[in-house]
Amino acid sequence: MGDKDKLISDEPIEDAVRSASSKKIKNQEQYLRGPWYLATGFLLFWALLFSAVVLPLFYRIPTGLTIEDASKGVFIAERAQSNLYKLAEIGTKVVGSDNNENKTVDYLMGLVNEIQENCLDDYFDIEVDLQEVSGSYIHWTMVNMYQGVQNIVIKLSPKNTTSTTYLLVNSHFDSKPTSPSAGDAGQMVVAILEVLRVMCSTKQAIRHPVVFLLNGAEENPLQASHGFITQHKWAKNCKVVLNLDAAGNGGSDIVFQTGPNSPWLVEKYKENAPHYLATTMAEEIFQTGILPSDTDFAIFVKYGNLIGLDMAKFINGFAYHTKYDQFSNIPRGSIQNTGDNLLGLVRSIANSTELDNTEAYATGHAIFFDVLGLYFISYTESNGVILNYSVAGVALVLIFLSIWRTSSISRVSIGHVLCWFILIFVLQIIAFVLGLGLPIVVAYVFDKYGLSITYFSTPVLLIGLYICPSLLGLSLPSYIYLKLQRSEKVGFAQHLQLVLHGHAAVLAILDIGLTVYGLRSAYVPTWTLIFYVIPLAVNLLTTLHDRGFSWTGVLKIFQVVPFLYNSYLIYCFVVTLIPMMGRFGRATNPDLIISALCALGTILALGFVIPLVNMFRRPSLILLTLLAISAVTIYTASSTQIGFPYRPKTNVQRLPYLHVRRIFYEYDGTVVKNDSGYLFNFQDRRGPAPLKLSKLNTTGLVSIAADCDTVMMCGFPLYDHRWVKNRLQIMWLPREEEIITPYEPKLELLSKTELGNNTLRMNFQSATTDHASVFIQPLEDVIISNWSLPTSYIGQQDTSHMYFSYGKNNTALTFFIDFYKLDADFAVPLCQIGLAVHFIGNKGDAISQEFAKKIPSFAAAVDWPASYQRYIF
């Protein structure tokens with residue numbers, strides 16, 4: 001017998017049969033893998049699903065009702081839209097301006113009086129109060145002082161009510177400079193008035209009074225709401241607030257803050273708002289404070305201990321706070337959406353027993369989210385914790401059962417299969433990191449070369465910049481593993497299934513980690529896992545698990561749900577955040593946020609889908625296609641006009657700047673500095689670079705950061721707390737010609753009085769404009785012991801900042817400061833005081849107006865003259 005025959009005869013018959021069977025199975029699986037061109041169709045299916053389902057549902061708004069429907073006792077968008085047109089025609093409504101304090105108030109009061117005249121006297125009592133209020137409080141790093149700001153307050157009460165607990169409904173009618181404020185928040189104001197009209201003229205009783213607050217100083221910021229909740233006669237009875245605001249120009253209203261600790265309010269929204277859009281994830285993101293926005297809701301919660309819902313428009317935020325926030329941008333259906341939701345909520349809460357004693361229903365946070373605007377899911381945080389742990393645990397158990405099943409049918413020890421799974425699990429962790437990290441790398445590199453926010457006007461670039469690299473990162477480790485694996489006993493389909501199990505295990509561990517950390521947003525991976533666990537259980541309970549690629553059929557059907565939801569959720573955030581990146585400041589690379597968001601959405605929506613391209617032959621072509629799409633997009637974004645962020649009117653560069661005249665006085669009154677120039681507070685990462693492409697001469701533009709180290713508050717009239725926060729990024733363009741302001745304000749020292757105990761009181765006065773700031777910095781051996789500002793603010797900042805504005809009452813600003821000095825020597829300098837006065841609404845001198853004409857059309861300038869005097873007392 002030859003050596004060859006001996007080797008053959010020594011081989012066990014069972015092994016020979018099994019080997020032949022394994023090869024046959026492997027050949028069958030290779031045959032069953034679809035042709036390579038179907039892989040492209042497979043991915044296109046999901047893209048078409050997004051376009052055909054997610055986008056239409058996301059932008060869906062109801063048809064606006066007309067006057068013909070008025071007899072039905074429903075919200076009439078046509079009437080509200082007509083009111084909005086007239087409100088927007090008034091123009092900008094800056095606090096202290098005639099437009100805001102007189103024209104707008106008169107117009108709104110006329111509408112309120114008309115509603116009052118037509119109210120059903122047999123059912124309701126209606127009271128109207130025009131509040132003029134003054135006060136102060138600490139806001140961020142400054143004292144926010146207001147004088148004579150106005151609130152239009154309407155109380156609608158059921159006839160002969162004995163209820164002492166009220167529902168508050170709030171929005172604001174003032175605006176930022178240059179903005180007609182049709183979106184922020186004119187559309188909300190007219191919606192509130194239409195809800196009041198419908199309720200007042202419909203024979204539908206309510207149990208509790210409802211207070212409708214139209215506040216006239218939200219943009220200042222948040223002054224009128226503070227004045228109402230701390231001083232108005234009805235404020236102490238208000239227990240729940242529905243706050244309406246806007247950071248966009250239409251579409252649906254998103255609920256982005258709830259409670260606190262009042263899940264019953266979420267249930268009221270679920271039962272009574274016909275147009276859902278809400279998510280716990282938005283609430284947690286907003287409450288981190290990373291977004292450049294704030295609302296009256298925080299004031300009501302902090303100073304009035306109220307609970308409630310905070311709702312806002314957010315679509316088309318590019319026009320927000322600019323001159324393009326116009327009536328023409330507000331669809332009638334968008335107003336109908338707001339009105340339908342608000343009317344349902346007001347009627348429900350005003351009739352609720354919970355409003356009798358809200359504290360009795362304070363049972364913790366809620367987890368809530370809508371599904372494509374069609375369904376609304378909510379449950380308590382405690383139930384959410386149980387659900388998260390349960391789903392993650394079941395997922396891990398089922399994965400183990402699947403591994404055991406694979407071992408059993410393949411006649412391979414479970415130890416071997418577990419080893420493969422551990423390797424796959426490590427690879428899936430790498431895939432998760434790559435899926436998240438590659439888009440971030442692209443964002444970093446683009447920013448490194450000054451090419452941030454290229455997607456600002458062309459969001460479709462996000463696909464090639466971030467989504468394709470994320471898909472590439474998710475796919476590559478599993479592709480390499482499946483390409484190199486050589487097991488003849490465990491079929492290719494089972495290895496692919498192990499790959500998906502690895503991704504599920506990563507999500508389960510992530511879910512557990514987020515839950516331990518206390519994030520309610522852990523519901524997202526939980527529900528994503530649910531729709532993997534269910535098909536896995538079905539496959540295990542049937543023979544589908546063991547029959548080649550048969551298990552993928554059930555999986556693909558169930559993956560439609562998490563794909564639709566997760567892509568819908570992340571798209572909502574992308575639509576919200578992209579316009580915000582235009583006002584996110586220069587200090588942070590906004591592309592890191594957008595890229596991470598797109599990557600997260602890709603992982604959640606397609607994490608279980610993208611490995612399935614390995615079901616088809618030559619999956620490397622898909623990877624190459626993704627790479628090619630990214631390469632073409634990167635070239636387009638970096639080397640063509642498509643990647644330029646701004647477009648005139650629709651996607652503008654925000655350009656706030658001041659025409660500044662500075663005068664520095666020494667202790668003896670002599671002038672040591674007297675100069676002029678333009679102070680730019682660039683709002684986005686690109687800063688001054690785009691202006692170099694225009695006719696605007698920015699030669700000599702320099703950062704003021706160096707001055708901030710040596711001069712009190714950098715020596716400039718920083719407008720408010722946001723300017724102060726961003727001061728190291730602000731830039732100065734000197735001007736040889738003196739800036740001519742309407743007048744030169746002065747800070748007068750009215751008196752100096754020694755109070756004893758080594759203390760001196762100084763009384764000051766200044767006839768400022770309706771917007772001014774006072775910066776106060778005592779010298780090294782001097783302490784401020786008391787003043788007319790909130791005493792709790794003493795010592796909080798190295799340089800104290802008092803922001804002052806007035807509405808109807810233009811009385812001069814007066815304040816005192818008590819200085820303590822150990823040696824009681826008050827014949828020497830004690831402090832520096834800077835007076836910044838802003839002439840908002842004034843176009844500036846002739847040279848400044850010529851300068852403004854050269855600003856490119858893609859920029860929306862917000863500018864005015866400002867004076868700054870530095871005194872030493």
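Only heavy atoms go into these numbers, but all of them, side chains included; no hydrogens, no water, no symmetry mates. FYI, the numbering just counts along the sequence from 1. What you see is a predicted model; the values in this text were computed from it and never measured.
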S.K.: Can a salt bridge be assigned to the pair R685 and D447 using a cut-off of 4.0 Å between side-chain N and carboxylate O?
M.R.: yes
S.K.: Can the ring centres of H495 and Y481 be said to be less than 6.0 Å apart?
M.R.: yes
S.K.: Quick one: side chains of residues 34-61, donor-acceptor pairs under 3.5 Å with protein atoms, not counting sequence neighbours, listed by atom name and distance.
M.R.:
from : atom 1 : to   : atom 2 : distance (Å)
W46  : NE1    : F42  : O      : 3.4
S51  : OG     : A47  : O      : 3.2
Y59  : OH     : Y571 : OH     : 2.7

S.K.: Please list every donor-acceptor pair under 3.5 Å in which a side-chain atom of residues 588-610 meets a protein atom from a residue at least two apart or in another chain.
M.R.:
from : atom 1 : to   : atom 2 : distance (Å)
N589 : OD1    : D591 : N      : 3.0
D591 : OD1    : I453 : N      : 3.0
D591 : OD1    : Y455 : OH     : 2.8
D591 : OD2    : I453 : N      : 3.2
S595 : OG     : D591 : O      : 2.7
S595 : OG     : L592 : O      : 3.1
T602 : OG1    : C598 : O      : 2.7

S.K.: Determine, for D684 against R586, whether the closest basic-nitrogen to carboxylate-oxygen distance falls under 4.0 angstrom.
M.R.: no
S.K.: Classify the side-chain pair D370/T279 by whether it contains a donor and acceptor separated by less than 3.5 Å.
M.R.: no
S.K.: Quick one: list whatever passes ring-ring contact (aromatic ring centres under 6.0 Å, His included) with F446, sequence neighbours left out.
M.R.: none
S.K.: Can the ring centroids of F858 and F644 be said to lie less than 6.0 angstrom from one another?
M.R.: yes
S.K.: Taking atom types as modelled, is there a side-chain donor on E284 or S521 under 3.5 Å from an acceptor on the other?
M.R.: yes
S.K.: Determine whether the aromatic ring centres of F558 and Y532 lie less than 6.0 Å apart.
M.R.: no
S.K.: Assess the side chains of Y389 and D511: does a donor N or O sit below 3.5 Å from an acceptor N or O?
M.R.: no
S.K.: Mark yes or no: R33 above the aromatic ring of F492, with NZ or CZ under 6.0 Å from the six-membered ring centre and no more than 45 degrees from the axis.
M.R.: yes
